[in-house]
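This report concerns only the one structure given below.
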Number of protein chains: 2
Amino acid sequence: MSSTIPTLGFAILSVLARADSTGYEIAGRMRNPVARFWTASHSQIHTDLRRLLAEGLVGYTTAPGPGPQEKKIYSITGEGLEALREWVTEPPRPQPERDELVLKTYAAWLADPAALTEMFRTALRGHEKRLAEYEAAWASVEKDAPAFGTPRFGNMAALRCGLTYERHRADWCRWMIDQLSRSLKPSCDASYPSEE
Amino acid sequence: MSSTIPTLGFAILSVLARADSTGYEIAGRMRNPVARFWTASHSQIHTDLRRLLAEGLVGYTTAPGPGPQEKKIYSITGEGLEALREWVTEPPRPQPERDELVLKTYAAWLADPAALTEMFRTALRGHEKRLAEYEAAWASVEKDAPAFGTPRFGNMAALRCGLTYERHRADWCRWMIDQLSRSLKPSCDASYPSEE
DNA sequence: CACCACTATGTCAGTTCTTACATAGTTAAA
DNA sequence: TTTAACTATGTAAGAACTGACATAGTGGTG
């Protein structure tokens, strides 16, 4: 029964539940901002698609493709949909999440404050950019709130998480930059120009 | 020069920069709330310690241990500290982060709203619990703010991120639960008791 | 006294995932 | 016209990681 499908398998099923796709398209959809919380290389996706196929959770039809092989358009089966539905409500383990920036922060006391500030400014720019994108997307989704039971509900919910995540993250980066400037300023006040 | 040390290697060095430890202790320290952003099993840590040793980034002294083998107390070398310092300010790639709960959310439109609500309530409890822990720790760290250049600065900075992260996450879970109840209420008003 | 949790190191099999390579057609820009 | 980007599938080597097993002493609980 439970043949230990890896999480990536369910990510693939989640994409196929919305639209039939080739392996290549699945990889692309996973890279899009609303869904980039479980990305993978196309090679891994092809590997997992073969497994899902063997378990009867997906099927495919072929069409002439650009390369030497035929193009395979995958679709989720009834069994796949059932497996996905069951998985969705199983509580995930409270993800200890691997976060390289926080790891660097943990070791930040060892490093050069100026270089650190630069790094956090770079990170901040990234977060602000994504926040702006999410806010624009949010404004358009808010106009007519999608009903539960439609894929757009999933989009909205994931987008909401991304939005508040980027906001938290940007705030934290700003706090870090401020902390670093505080630890710098007192000792070398005059060496900085007065403007911001 | 750059022999492609995996991120876990730097996580280990970050721990050793604070205190000499056995492999077992490193695994334990990585599980602790202030540092649980790059956990690993002890077997992986032992493997990576051997590599770091081969590269001269750590050294060790032995002491009688409980098991058949001797206990090895690892410490970071000058070279290790230098490598760690360099790595800290290198910008990490904007982590696409794998987040199982958000992935489930993306597919949430397929599932049973009641079961989903239950899952988010469970997640919310976890976030609230950790938030309370972090807030208590924050109160004690705030009294005397650690200076840059001391390990406690790293603690404070990582804690600050954890704190605002849990807050954002708990808020989002509450928003989700509210959304789910909205989508449930209108269609089946009478089937629910009037109390909250 | 039995059992469990903790300290401590290590091996090994297997899974997951990344990176590079290989092939090949279309379309758009330089 | 060449070059690059995009579409599309696949293999294969190897890195990263997990989980189970193995060994063995100490200390606490029932």
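Proteins come first, then strands; the chains are lettered A, B, ... in the order of their sequence lines, and each starts at number 1.
The side chain of A/Arg98 contributes no N or O atom lying less than 4.0 Å from OP1 or OP2 of D/dA16. Residue A/Lys72 places at least one side-chain N or O under 4.0 Å from the OP1 or OP2 atom of D/dG10. Between D/dT7 and A/Tyr24, a contact under 4.0 Å exists linking OP1 or OP2 to a side-chain N or O. At D/dT9, one or more side-chain N or O atoms of A/Thr22 fall inside 4.0 Å of OP1 or OP2 (strictly under the cut-off).
Toward the 5′ end of DNA chain D lies the nearest nucleotide of A/Thr47, the other residue of the pair B/His42 and A/Thr47 mapping further downstream. Nearest-nucleotide positions on DNA chain C for B/Arg50 and A/Pro66 put B/Arg50 closer to the 5' end.
A parallel orientation is assigned to the rings of B/His168 and A/His168, their planes being inclined by less than 30° (bins at 30° and 60°).
Nucleotide D/dC17 holds its P atom 15 Å from the CD atom of A/Gln44, rounded to whole Å. The interatomic distance linking B/Leu49 (CG) with D/dA16 (C1') rounds to 15 Å, in whole Å. Atoms OH (A/Tyr74) and P (D/dT7) sit 18 Å apart, rounded to a whole Å. Atom CD1 in B/Ile5 sits about 15 Å away from atom C1' in D/dA15, given to the nearest Å. What separates CD1 of A/Ile73 from C1' of D/dT7 is a distance of 13 Å, to the nearest Å. Per the geometry, OH belonging to A/Tyr60 stands 12 Å off C1' belonging to D/dT9, to the nearest Å. In this structure, A/Ile45 places its CD1 atom 15 Å from P of D/dT11, rounding to the nearest Å. For the pair B/Ile26 CD1 and D/dC17 P, the computed distance is 15 Å after rounding to whole Å.
Each side chain to side chain donor-acceptor pair (under 3.5 Å) pair with one or both residues in residues 42-52 of chain B, not counting sequence neighbours, appears once here: B/Ser41-B/Ser43, B/Gln44-B/Asp48.
When atom types are taken as modelled, the side chain of B/Arg85 and the backbone of A/Ala111 share no donor-acceptor pair closer than 3.5 angstrom.
Taking 4.0 Å as the cut-off between side-chain N and carboxylate O, A/Arg174 and A/Glu128 count as a salt-bridged pair.
Heavy atoms of B/Ser43 sit under 4.0 angstrom from at least one base atom. At the heavy-atom level, B/Pro6 lies under 4.0 Å from the strands shown only through sugar-phosphate atoms.
Taking the ring centre of A/Trp175 as origin, the terminal cationic atom of B/Arg160 falls inside the region bounded by 6.0 Å and 45° from the ring axis.
Rounding to the nearest 0.5 Å gives a distance of 12.5 Å between CG of B/Asp178 and CZ of B/Phe120.
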Let me have the donor-acceptor pairs involving side chains of residues 14-22 of chain B, under 3.5 Å, with sequence neighbours excluded, atom names and distances please.
residue: B/Ser14; atom: OG; partner: B/Phe10; partner atom: O; Å: 2.7
residue: B/Arg18; atom: NH1; partner: B/Asn155; partner atom: OD1; Å: 2.5
residue: B/Arg18; atom: NH2; partner: A/Tyr106; partner atom: O; Å: 2.7
residue: B/Arg18; atom: NH2; partner: B/Pro151; partner atom: O; Å: 3.2
residue: B/Arg18; atom: NH2; partner: B/Asn155; partner atom: OD1; Å: 3.1
residue: B/Ser21; atom: OG; partner: B/Ala19; partner atom: O; Å: 3.0
residue: B/Ser21; atom: OG; partner: B/Arg29; partner atom: NH1; Å: 2.4
residue: B/Thr22; atom: OG1; partner: B/Glu25; partner atom: N; Å: 3.1

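Running 5' to 3' along DNA chain C, contacts with non-hydrogen atoms of chain B at under 4.0 Å begin and end at C/dC6 to C/dT18.
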